[in-house]
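A short worksheet on the structure shown next.
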Amino acid sequence: MSFKPLFEREIKAVLKNPGFLITLILIPLFYISLGSVMNIGVRSAVSQVSGYIGVVDRDDTPLSHLFVYYLNLTLDGRVSYANGTGELGSYSTIVVIPRGFQEMALNNSANLSTLTRINSLSLVSLGAIPPLALQGSFNDALRYALASFTLGKKIEIGNASLNTSIQLVYQGRVLDYTSVNTFVGYGILSTFIIGIMMSFTAGFATSASAMEKAEKAFELLLSQPVGRSRIVLAKIAASVVAAFIVGLVFFASLFVSVMHAAGFPGGQALPSGGAGGLGRPQVDLGGAVAFTAVTVFLGSLISGSIGVLIGGVVSDERTAGILVTPIVMILFGFTIIAEFIGVSLDAPTAVLSGLTVTPLPLLLSVSNIVGDYSFFYLALSLSIVELAILIGVAIKLYNSEIVITGLHLRKKSPPAYSS
Amino acid sequence: MVYISQSVEVRGLRKVFRSGVVAVDNLSFNVGRGEIYGLIGPNGSGKTTTLRIIATLLKPTAGSVFVEGVDVVKQPLEARRLIGYLPEEAGAYRDLTGYDFIKLMLSIRFHGPELEARIDEAISISGLEEFIEKPIKTYSKGMKRILALSVVLAQHPRVLVLDEPTSGLDVEKSIFVRDLIKKYRSREEVAVIVSSHNMLEVETLCDRVGVLWKGRLVAEGEPGYLKKTFSASNLEEVFLKAVGSHVL
């Protein structure tokens, strides 16, 4: 009954906050600029080549021998023969030359398949796998091999190229690169979005409560005949709504940013499935999107609860700002960590993801890829439990006198009596 | 003046904060319906803590407070329906207009036509009709205080708890606030508890006065009775003599 006016009041407080308005302006400026920086990062990742290459030659023909010979020359001696894909542990990538390679190459329709060991499903590691960077070397080696093989014969070799099928080996499972790249790219983008949304929500919720105290209206509100739970829920809900408004601006800005980043010099586009590109989705992302929406909402509620908790124990906006900053930094820290090192399917990662929420979409993506959702469900359950606990603690806090007296971490030497 | 029954009963109230500070120590007093009771004392004497406990914002360490028979610790929501509390230096939301603030606060208790009537009443009490649609951030401190008080009065509480209601206000606004309190007491026959540093104000406004010192009630009675008892010409002298006798 009395929730609506409280909620409306909280919304107005946030919308009229200059910090909120400045945030709406700064985000587009920041992310549009970031697009250019991301462009450099993507090109840098494409240029990465590392590790030794093993070749399993199932064709065993003069042309395949020449191909391996020239590939080794092209890659500065980093190529050697392997007995089978089982030797992947000794190489970063194994190239499999299929039977019929020579005949297909002479008809300009040669295929290769690669198997790459990958330790983490992060955007950076996916962008730096050798087969992506070596596509040019494969083509060059094939052209040299064809020239050598057909010496004296007239053959078109200028456009000879290989179709490379890239497969990854992660936790003992062989995975299709395009699907992995799609899911991981989506997961990392979602992780970033959740980190942003949670940071906004925490900030708005904290400042709303702290401002109320600074305006000396807090005690007047708390003395009214309304359940403290409604006050707490109104604050959290208003912060989530405010965060979603900022989120909309963020999405729009990010879209412009990505469009900006995709424009390479000279109009050259990345090859399909190339590093940094998400590739064409070959899997149904519907479930992932739905779960991500749930985690965004869940994350916003959790950070809103944290913000209300902080706002409840501090007595001024400055302290509130100081306290909320590290939380924002932590949320972003996990987002960046997830982007660089990825997540693993194990209990500690599930617990950490559940408690911090930001890595949840990436965990979901990895679960999708591997086909094991148990750790994602564990993390999601932990997030829900965490949310329930935080809201419960916030309501308990607002029912206690700490919201009036403030939380004094350091014991002062007080006067004997105080009003 | 004889009071039919007690509206507020404070019994053996004690408040010790987590820091170990004893804010209120074995405090007892009653306030009858239609009575204005003043709590006076220096900074740190326990006035604000006592009023916050009555208003359900703080919980006592020991003792009890009943408002119209309702235990403020055990039934805080019920008690809040009976109490109109004006905190010390109470302000209002800067981003709202005067009208929006009144509407927000009153909508917690009232709905529909009654809400509209109470809003009109609060605006009328405040005398701020000319400024009511302007943002509160443009209001003076006195205007904010009067706005908050008008909201409290328009709630028609059975008990008014006013913490330093005229603190920081100029003479004109102070007189306006005191007249509001008197008028409301006469009209509604409510119990009023006022804390103040201003002894002159307390002497002219209150029917009875309690002198607090270090959380204890060191003197209590009608201003005339206290002046006679302590052979004092005003409440300031009463206060000094009452406190002095305890120091010695």
Note, B/Tyr85 side chain near A/Leu220 side chain (heavy atom, < 4.5 Å): no

Heavy-atom side-chain proximity of A/Val226 to B/Leu77 below 4.5 angstrom: no

Side-chain H-bond candidate by donor/acceptor type, A/Gln224 with B/Arg109, under 3.5 Å: yes

Stepwise side-chain contact (heavy atoms from CB on, under 4.5 Å) check, B/Ile108 with A/Leu221: CA-CA 9 Å; B/Ile108 292 171; A/Leu221 177 65; 4.0 Å; yes

Distance-minimising heavy-atom pair for B/Arg80 and A/Ser223: CG-O, 3.4 Å

Distance in Å, B/Leu58 CG paired with A/Ser400 OG, rounded so as to fall on 0.5 Å steps: 10.0 Å

Positions in residues 136-150 of chain B that reach chain A, provided some heavy atom is under 4.5 Å away: B/Ala148

Sequence-distant partners of A/Tyr398, side chain to side chain donor-acceptor pair (under 3.5 Å), two or more places apart: A/Ser209

Rounded distance [0.5 Å steps], CD in A/Glu8 versus NZ in B/Lys103: 7.5 Å

Charged N-O contact under 4.0 Å between B/Lys15 and A/Glu401: yes

Heavy-atom proximity to chain A below 4.5 Å, by part of B/Val161: neither

side-chain contact (heavy atoms from CB on, under 4.5 Å) assessment of B/Arg94 paired with A/Met211: CA-CA 9 Å; B/Arg94 286 174 294 195; A/Met211 270 178 67; 4.2 Å; yes

Between CZ on residue A/Arg9 and CG on residue B/Asp95, distance to nearest 0.5 Å: 4.5 Å

Which atom of B/Arg81 lies closest to which atom of A/Pro225, heavy atoms considered: CG-CB, 3.5 Å

Atom of A/Ile402, atom of B/Arg18 and distance for their closest heavy-atom approach: CG1-NH2, 4.1 Å

Side chain proximity check, A/Val403 to B/Leu57, heavy atoms < 4.5 angstrom: no

Neighbour count above 12 (heavy atom, 6.0 Å) for A/Phe244 CZ: yes

Chain A contact via B/Gln155 - side chain, backbone, both or neither, heavy atoms under 4.5 Å: side chain

